[in-house]
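Throughout, a chain's letter reflects where its sequence line sits, starting with A, and its residues are numbered from 1.
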Amino acid sequence: MEEIEKKIYIMYRILVTNLINCISMDVTKILHNLNSQQEIAVTSDHPHLLVLAGAGSGKTRILVHRIAWKIQVLSIPSHAVLAVTFTNKAAREMKERIDQLLKTPSQGMWVGTFHGLAHRLLKSHWRDAGLAEDFQILDSEDQLRLIKRLMRTLDLDEQRWPPKQFQWWINSQKDEGLRSKNIQENGDLYQSMMLRLYREYESNCELLKVVDFAELLLRSLELWRSNEAVLKHYQNRFKHVLVDEFQDTNAVQYAWLRVLAGSECCVTAVGDDDQSIYGWRGAKVDHILRFEKDFKDTRIVRLEQNYRSTSNILRAANAVIERNSERLGKTLWTEADEGEAVALYAAFNEHDEARYIVECVQQWVGDGNRRDDAAILYRSNAQSRVLESAMLRAEIPYRIYGGQRFYERMEIKNALSYLRLISNKDDDLAFERVVNLPTRGIGERTQSMVRQIARQRNCSLWSASSIAIGNHELSSRASNALAKFLRLISAMTSEVEELTLIEKAETIIKRSGLLDFYKGEKGEKGMARVENLEELVSACGSFEPEDANLSPLTQFLDQVALDSGDRQADVDEDAVQLMTLHSAKGLEYPLVFIAGMEENLFPHAMSIEEPGRLQEERRLAYVGITRAMTKLYLTFAESRSIHGRESFNSVSRFVRDIPSDVIDEVRLGNTIVRSTTYASSSLGSDPELGTGFSLGQQVFHKAFGEGVILNFEGSGPRARVHIKFEEVGTKILILESAGLSGV
DNA sequence: AAGGCAAATGTTTTT
DNA sequence: CATTTGCCTT
């Protein structure tokens with residue numbers, strides 16, 4: 001069997017080579033430097049292809065080269081190709097690399113995120129999709145606001161029913177493709193409550209002409225399912241569909257692909273079940289297993305050779321992921337050298353951990369390396385603070401990824417709301433956001449009055465406001481303030497009409513009073529906000545509209561809603577990268593630190609009980625470890641303050657899974673000797689700073705019993721000692737009055 | 001209606 | 001610990 005396959009393959013290669021010669025085109029570089037598995041993945045002519053690509057095996061490269069192969073060698077027109085990713089960043093990168101490889105730009109090809117492509121569909125078929133032509137995109141913050149508002153009208157107690165829960169529930173239903181009418185009541189109070197709000201939410205979105213993220217996908221799926229003509233059009237066009245990060249697809253996205261693919265489309269899916277870390281967001285690894293069944297005649301190619309990491313790092317990664325049961329099974333291997341051992345550092349607390357990392361970075365830089373090549377990863381954003389301040393103190397330039405995104409910042413959303421209101425007076429969400437910002441005397445009372453009128457008349461808040469003023473339904477003070485606001489918006493609209501996008505943004509930020517409002521805000525915050533507003537203006541300046549028929553402003557607003565705006569600001573500065581493990585997926589760095597390798601933190605306490613969630617944490621650990629190319633540091637803190645409370649966690653189980661011959665345990669300045677099981681660490685040889693005791697030492701106190709020394713503040717007899725007692729927890733004692741004795 | 005102070009409340013992230 | 005939310009006073 002294998003023999004035959006080999007022969008066919010050789011014949012195929014001969015044919016291919018001839019073909020290349022015939023076309024006399026330089027396509028050799030498409031196959032240049034590919035290993036045999038990669039080459040099969042690029043050139044396979046099976047109808048469908050599933051590439052199981054391990055970390056660092058050249059996943060994106062395969063996708064890009066396969067597209068180039070199809071276009072240049074198989075002469076498939078580029079407009080027949082659709083490539084879909086999850087993030088804008090990945091889509092941008094793919095576009096760039098295709099252009100680079102093909103030289104000729106990827107004209108006619110659709111490359112984008114699921115959401116971006118769905119939006120594009122709905123924009124062209126808004127009528128068939130049952131939407132308004134100028135429908136707005138609702139981001140998650142807008143969504144939460146809307147839900148809160150609906151809860152208020154339904155008189156639901158926000159304490160008993162957290163709005164976030166409604167949001168989460170509604171989104172999960174939509175991710176599964178379920179509308180409220182598809183859900184059966186099961187007599188459960190919680191479910192019936194959720195469902196009740198879901199119904200209300202659906203009809204309100206309809207009314208407000210807004211579409212949330214999940215809706216973009218679901219709506220475009222329903223469009224295809226219900227409209228034969230539209231579907232046929234796209235099925236006839238896109239004969240080649242390629243999906244990146246396939247393990248991250250949720251139910252609707254998978255259905256979307258299946259419907260589009262129909263029966264004559266070639267689907268290529270590239271993914272790694274071991275890197276599925278978005279299960280909590282509806283992603284289903286099962287889709288990888290189902291692919292073969294749903295797409296008949298699928299060729300499966302495994303890419304297991306890793307080109308990124310040393311073999312020690314890979315051994316660590318494999319040891320961690322091996323303990324997961326539900327795997328397709330894949331073992332990464334490399335031709336690379338053993339490399340250095342994985343360093344493990346046991347810190348006393350999070351500050352010591354940060355200090356140690358800073359020291360290592362300084363040494364790395366001192367050795368002539370780039371800060372850009374170093375990344376510090378952590379499980380949750382809260383951990384970044386301590387690391388950040390340590391970097392700041394050491395004057396090491398750093399860049400934090402994630403956290404708050406540009407277009408989600410309050411001042412930016414406010415400015416955008418003014419722009420939205422300029423382009424569409426009936427945008428109620430924008431209206432509500434800025435009607436009293438900066439404060440102009442339109443308070444809660446007036447606003448609820450206007451809302452009530454809007455509901456009665458079934459009109460927008462904008463129209464309701466003029467009705468309220470016209471009918472003298474408000475106090476004269478409120479009426480004047482409201483009229484002033486309406487005049488301001490109208491005036492700005494006409495003033496700005498003929499201006500370019502950047503001028504519009506500039507004018508509106510000034511005229512609305514937002515700029516002065518934030519300038520007046522005291523402290524660093526106001527400054528930063530003003531800077532952000534300026535950055536928004538410059539973003540308007542560099543925006544290039546795609547469609548000449550539509551107004552640049554509306555196009556800008558749509559793009560902003562779909563793009564989180566992870567701008568590449570000061571990318572040129574050589575800086576250490578700080579990010580969560582989640583956002584590190586897809587990236588690689590020569591030097592990687594993973595901080596906070598502790599039980600309850602990583603794996604996270606919320607995930608520790610459930611086996612499924614724990615497996616996902618394990619995959620996250622695998623993702624983290626495989627980011628490292630040459631040197632990996634794992635650190636954990638024996639004591640860490642979480643939410644202001646001190647907690648003591650043992651070293652993460654993921655660390656214990658790594659074979660000890662791969663790990664090099666770092667001992668601080670040779671002062672302390674400790675074992676990984678830390679609790680009963682052996683005594684230090686040198687007393688700490690003349691106190692007569694050492695860190696990690698077991699001590700006895702008359703009242704509190706036995707404990708372990710965790711930290712010192714100061715030195716000599718007046719030093720403050722942090723001790724974790726077995727019975728009473730941690731105490732901070734003055735040494736000379738504590739009356740401690742060694743055990 | 002607006003600003004100030006106390007209490008609550010904390011995963012992971014993209015779109 | 002640090003930020004956001006809600007209540008309460010002016």
With respect to the side chain of His604(A), which nucleotide from dT3(C), dA2(B), dT11(B) is positioned closest? dT11(B)
For Lys413(A) and dT15(B), what is the distance between atoms NZ and P respectively, to the nearest whole Å? 14 Å
When you check the side-chain N and O atoms of Glu245(A) and Thr85(A), is any donor under 3.5 Å from an acceptor? no
Using a heavy-atom cut-off of 4.0 Å across all strands, would you classify Arg379(A) as base, sugar-phosphate, or nothing? base
When we call it a touch if two heavy atoms are under 4.0 Å apart, what does Ser380(A) touch: a base, just sugar-phosphate, or nothing? sugar-phosphate
Around atom CZ of Arg477(A), are there more than 12 heavy atoms of other residues, nucleotides or ligands at under 6.0 Å? no
Matching residue for Leu387(A) among Tyr378(A), Tyr398(A), Phe593(A) - test: side chain to side chain contact (heavy atoms under 4.5 Å, CB included): Tyr378(A)
Report yes if the side chains of Arg653(A) and Leu614(A) come closer than 4.5 Å at any heavy-atom pair, otherwise no. yes
So, Trp280(A) and dT12(B): ring centres less than 5.5 Å apart, planes less than 30° off, yes or no? yes
Among dA2(B), dT3(C), dG6(C), the nucleotide that comes nearest once only the side chain of Asn436(A) is considered: dA2(B)
Salt bridge (charged side-chain N to carboxylate O under 4.0 Å, His left out) test vs Asp248(A) passes for just one of Arg281(A), Lys585(A), Lys284(A), namely Lys585(A)
Using whole Å, what does the distance between atom P of nucleotide dT13(B) and atom CG of Leu581(A) come to? 9 Å
Go through dA2(B), dG10(B), dT13(B) for me and flag the one nearest to the Thr580(A) side chain. dT13(B)
Is there a donor in the side chain of Tyr201(A) and an acceptor in the side chain of Asp212(A), or the other way round, less than 3.5 Å apart? yes
Roughly how far apart, to the nearest Å, are dT12(B) and dT5(C) at atom P? 16 Å
Need one value for Asp212(A): base, sugar-phosphate or nothing, where a base atom within 4.0 Å counts as base even if backbone is also close, heavy atoms only. nothing
Please state how far atom CG in Leu144(A) lies from atom C1' in dT5(C), giving the value in whole angstrom units. 12 Å
Work out how far the C1' atom of dT11(B) is from that of dG6(C), and round it to whole angstrom. 25 Å
Nearest whole Å is fine: how far is dA1(B) P from Asn480(A) CG? 13 Å
Return whichever of Ala382(A) or Glu408(A) has its heavy-atom-nearest nucleotide of DNA chain B closer to the 5' end. Ala382(A)
Give the ring-plane orientation class for Phe114(A) versus Trp256(A), where under 30° counts as parallel, over 60° as perpendicular and anything between as tilted. perpendicular
Scan Gly644(A) against the nucleic acid and name what it touches under 4.0 Å (heavy atoms): base, sugar-phosphate only, or nothing. base
Which word best sums up how the rings of Trp280(A) and His582(A) line up, parallel for under 30°, tilted for 30 to 60°, or perpendicular for over 60°? perpendicular
Between Trp110(A) and Tyr234(A), what is the ring plane arrangement, given parallel below 30°, perpendicular above 60°, and tilted in between? tilted
Give the nucleotide from the list dT11(B), dG3(B), dT14(B) with an atom nearest to the side chain of Met606(A). dT11(B)
Could you check whether Gln143(A) and Asn171(A), counting side-chain N and O atoms only, form a donor-acceptor pair closer than 3.5 Å? yes
For dT11(B), does the O4'-C1'-N9-C4 (purine) or O4'-C1'-N1-C2 (pyrimidine) torsion place it in syn, i.e. within 90° of 0, or in anti? syn
Are OP1 or OP2 of dT14(B) and a side-chain N or O of Ser140(A) less than 4.0 angstrom apart? no
Under 4.0 Å from OP1 or OP2 of dT11(B): is there any side-chain N or O of Asn600(A) that close? no
Looking only at side-chain N and O atoms, does Asn381(A) come under 4.0 Å of OP1 or OP2 in dT13(B)? yes
Nearest-Å distance for atom pair CZ/P, residues Arg152(A) and dG6(C): 9 Å
With a 4.5 Å heavy-atom cut-off, do Tyr633(A) and Ile357(A) have their side chains touching? no
In this structure, how many angstroms lie between the P atom of dT15(B) and the CH2 atom of Trp256(A), rounded? 15 Å
Which nucleotide in dG10(B), dT13(B), dT11(B) has an atom nearest any side-chain atom of Arg405(A): dT13(B)
side-chain N/O Asn88(A) vs dT14(B) OP1/OP2, d < 4.0 Å: no
Rounded to the nearest angstrom, tell me the gap between atom OH in Tyr278(A) and atom P in dT12(B). 12 Å
Heavy-atom contacts under 4.0 Å between residues 613-622 of chain A and DNA chain B, which residues? Arg613(A), Glu617(A)
Using a heavy-atom distance cut-off of less than 4.0 Å, which residues of residues 113-120 of chain A contact DNA chain B? Thr113(A), His115(A)
Reckon Gln447(A) touches a base, only the sugar-phosphate, or nothing at all at heavy-atom distances under 4.0 Å? nothing
